[in-house]
Amino acid sequence: MTYTVRPLDASTWAPFAELVERNNGIFGGCWCIGYHPECAERGIDYRTTKEELVRAGRAHAALVLDEEGLAQGWCQYGDPEELSNIKHRRAYDKEPPPLPDWRITCFYVDKRHRGAGIARTALEGALSLIAEAGGGLVEAIPEVTDGREAPGRFLFSATVELFEQYGFERVRQVGKHAWIVSRTIDPA
């Protein structure tokens, strides 16, 4: 199957929303808002908030579409202000690395399409979109899976091994299996 990558924006909101609804709200209804500061607001509707952020240009993702135009996955990225909530914050803040220009925080692949290269396509798309937006230092906090069993549904931040295939280097370990990885992306 051939996949294309499109940025998440007002024109791709409908396929994104359909993917999330097809998968019961993703991870218990998070709508991929957990890394946004708005997530801390009490009583918000995650779907509505995510849509408002997308339409205002304050939520970014590389959306992977199949040949029929259905979204099958994504890679969320944004600047540190947009994605201020990160995993392993306490360990991260003990020796914070240089502030990145961009963060890659989460991936999602439809459960019926896992193992088809969608996460890889989404990461490639995100890096391309970051380059088009001027590039800069990109960081992520994925997990090492080499030598251990790790259920795919728990790898929403992807794997260190995938990021290393794209030139990211390990900066520092911040969790039992979690590492800060980074790479500078040249502008397109």
Side-chain angles (χ1 to χ4, degrees), residues 1-13 15-16 19-20 26 32-36 50 53-54 57-67 69-88 92 96-110 113-146 150 152 155-172 174 177-188:
M1 180 165 287
T2 304
Y3 298 104
T4 58
V5 175
R6 301 254 325 269
L8 176 59
D9 59 22
S11 72
T12 57
W13 172 256
F16 172 80
L19 171 64
V20 175
I26 309 296
C32 206
I33 194 166
Y35 293 99
H36 292 278
K50 184 69 171 194
L53 290 169
V54 167
R58 294 182 27 236
H60 297 85
L63 192 60
V64 180
L65 304 172
D66 66 17
E67 295 166 339
L70 290 174
Q72 300 300 346
W74 73 73
C75 171
Q76 178 174 255
Y77 68 94
D79 66 42
E81 186 176 316
E82 177 180 318
L83 299 172
S84 58
N85 299 333
I86 59 173
K87 289 173 37 179
H88 307 284
Y92 181 96
L99 188 64
D101 299 297
W102 301 95
R103 284 192 173 127
I104 294 176
T105 55
C106 70
F107 290 73
Y108 185 77
V109 176
D110 178 86
H113 291 85
R114 292 184 183 148
I118 292 173
R120 178 178 304 282
T121 300
L123 178 57
E124 290 171 358
L127 296 176
S128 178
L129 292 167
I130 287 169
E132 289 174 21
L137 182 63
V138 180
E139 92 175 1
I141 305 177
E143 292 195 19
V144 171
T145 57
D146 209 14
L155 294 175
F156 56 87
S157 55
T159 68
V160 169
E161 294 83 2
L162 175 63
F163 278 94
E164 288 176 333
Q165 291 171 16
Y166 287 88
F168 282 77
E169 295 183 358
R170 296 179 195 202
V171 175
R172 187 167 59 80
V174 290
H177 302 290
W179 282 79
I180 300 168
V181 298
S182 68
R183 173 185 170 193
T184 299
I185 301 295
D186 293 329

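If you read the sequence from its start, that first residue is 1, and numbering goes on from there.
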Working to the nearest 0.5 Å, report the span between CG of L123 and CD1 of I130.
8.5 Å
Does the side chain of K50 reach to within under 4.5 Å of the side chain of F16, using non-hydrogen atoms?
yes
Are the side chains of I26 and C32 in touch, meaning some heavy atoms are under 4.5 Å apart?
no
Is there a donor-acceptor pair closer than 3.5 Å between any side-chain N or O of W74 and the backbone N or O of A122?
no
Counting only heavy atoms from other residues, nucleotides and ligands, does the tally under 6.0 Å from CD of E81 exceed 12?
no
Heavy-atom side-chain contact between F168 and E139 under 4.5 Å
no
Tell me, please, which residues at least two apart from E164 pass salt bridge (charged side-chain N to carboxylate O under 4.0 Å, His left out).
R170
Do S11 and R6 come close enough that some side-chain heavy atom pair is under 4.5 Å?
yes
Classify the ring geometry of Y77 against H60: parallel below 30°, tilted from 30° to 60°, perpendicular beyond 60°.
tilted
Judged by atom type as modelled, is there a donor-acceptor pair below 3.5 Å linking the side chain of Q76 to the main-chain atoms of T105?
no
Enclosure of Q165 CD (heavy-atom neighbours >12, cutoff 6.0 Å)
yes
Can you tell me if H36 uses its side chain to pair, donor with acceptor, with the backbone of E82 under 3.5 Å?
yes
I'd like to know if the side chain of R120 and the backbone of L162 have a donor-acceptor N/O pair within less than 3.5 Å.
no
